[in-house]
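Note: hydrogens, waters and symmetry copies are ignored here, and every other heavy atom, side chains too, is used. Reminder, nothing fancy here: chain letters follow the sequence lines and each chain counts from 1.
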Number of protein chains: 2
Amino acid sequence: MNGTAAAAEDRVFAALANATRREVLRLLRERGPQPVQALADHFDMRRPSLSEHLKVLREAGLVSEQRSGRQRIYRLRAAPLAEVQDWLHPYERFWREQLKGLGDLLDRMPDDDRP
Amino acid sequence: MNGTAAAAEDRVFAALANATRREVLRLLRERGPQPVQALADHFDMRRPSLSEHLKVLREAGLVSEQRSGRQRIYRLRAAPLAEVQDWLHPYERFWREQLKGLGDLLDRMPDDDRP
DNA sequence: TTGACGCGTAGGGGATCGCCTACCTATTCT
DNA sequence: AGAATAGGTAGGCGATCCCCTACGCGTCAA
């Protein structure tokens, strides 16, 4: 593990920490590549602010831009999310154990006592 | 979707945005439940600062504390990470397509031209 | 060529983050 | 009881976040 990889991980998690940016990713996923203004229409926010969010997403590698005339088409780049999934993987057995523990508990409870 | 769920999602992503907090989760995962001082020993940081990180993790539901004498034993609570995985799921086909695209490209390239 | 359009950047301001040093409470040891 | 230990909270302070308005640059239209 080299410092560069750690910095990239940091940029991805930091990019995902903002609800507006997560919503941008969702829009690009559901509606495909779009220019900035089409994205901006979905938010109660001035366009330059959205541009800054797009910059954060770009620097995290989560979107790419492609110029087309005076527009810039933004496109989802999901590869860094695969690394987030890799990061999650070692935790999976923990949440499965805990959910299973809850299931076992419910199995041993009379129905009347269930929450 | 009831506002509360969105706020919970926000707290989880925000909690994961900090490298120290991700490292705390890793320590709890690899070494099991621990008191605060044992965790603090791994960081170049005063103990009260780590206490604040633990508070953020607690409010995101990612750790729980259990008092034992004058110690407080922190334990990993991975359930919110399952929700992160759920959030990732609709993106999975995108990164698979993109990785597959790279694979196809390599398949069509003579070995000498590969990066 | 002049103006309108699409979008990024500069710079400012308030809110929040992340660290610190003090300090407080609760528990345990002598 | 008094001292030591474990850990949370208060408050301060610089850095960063996230929004804004103003402006600059490139492209398309009249």
Inset, instruction - Side chain of A:Gln71 only, please: which of C:dC7, D:dT9, C:dC20 is the nearest? - result: C:dC7

Inset, instruction - Look at the side chain of A:Ser49 and decide which nucleotide, out of C:dC7, D:dC20, C:dC19, has an atom nearest to it. - result: D:dC20

For atom [atom1] of [X] and atom [atom2] of [N], their distance in whole Å:
| X | N | atom1 | atom2 | result |
| --- | --- | --- | --- | --- |
| A:Leu16 | D:dC17 | CG | C1' | 16 Å |
| B:Met45 | C:dT21 | CE | P | 13 Å |
| A:Arg46 | C:dG8 | CZ | P | 17 Å |

Legend entry - Base of C:dC5 paired with side chain of A:Arg70 (donor-acceptor, under 3.5 Å):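 Checked by distance alone, the answer is yes.
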
Inset, instruction - State whether the distance check finds a donor on one side and an acceptor on the other, under 3.5 Å, for side chain A:Arg47 versus base C:dG6. - result: no

Legend entry - Lys/Arg cation over aromatic B:Phe94: A:Arg29, 6.0 Å, 45° cone: no

List the atom pairs, donor and acceptor, that lie under 3.5 Å between side-chain atoms in residues 49-58 of chain B and the rest of the protein, sequence neighbours left out.
| unit_1 | atom_1 | unit_2 | atom_2 | d |
| --- | --- | --- | --- | --- |
| B:His53 | ND1 | B:Arg21 | NH1 | 3.1 |
| B:Arg58 | NE | B:Tyr74 | OH | 3.2 |
| B:Arg58 | NH2 | B:Tyr74 | OH | 3.4 |

Inset, instruction - Just call it for B:Phe43: base, sugar-phosphate, or nothing, with non-hydrogen atoms closer than 4.0 Å on any strand. - result: nothing

So which atom in [X] and which in [Y] form the shortest heavy-atom distance, rounded to 0.1 Å?
| X | Y | answer |
| --- | --- | --- |
| A:Ala14 | B:Ala17 | CA-CB, 4.3 Å |
| A:Asp10 | B:Ala19 | OD1-CB, 3.5 Å |
| B:Ala38 | B:Gln34 | CB-OE1, 3.5 Å |
| B:Trp95 | B:Leu88 | CZ3-O, 4.1 Å |

Inset, instruction - Give a yes or no answer on whether the side chain of B:Tyr91 reaches the backbone of A:Arg26 with a donor-acceptor pair at less than 3.5 Å. - result: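 Looks like yes, one N/O pair under 3.5 Å.
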
Legend entry - Strand-adjacent residues in residues 50-68 of chain B, judged by heavy atoms under 4.0 Å from DNA chain C: B:Glu52, B:His53

Inset, instruction - Mind running a 4.0 Å heavy-atom check of residues 18-42 of chain A against DNA chain D and sending the residues that fall below it, in number order? - result: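 Contacts with DNA chain D under 4.0 Å: A:Asn18, A:Arg21.
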
Inset, instruction - Would you tell me whether A:Ser64 and A:Arg75 have side-chain atoms, one donor and one acceptor, within less than 3.5 Å of each other? - result: no

Legend entry - Salt-bridge contact A:Arg11-A:Glu59 (side-chain N to carboxylate O under 4.0 Å):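 Salt bridge flag = no for A:Glu59 with A:Arg11.
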
Legend entry - Distance test, side-chain N/O of A:Tyr74 to OP1/OP2 of C:dG8, below 4.0 Å: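 Yes, because at least one side-chain N or O of A:Tyr74 sits under 4.0 Å from OP1 or OP2 of C:dG8.
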
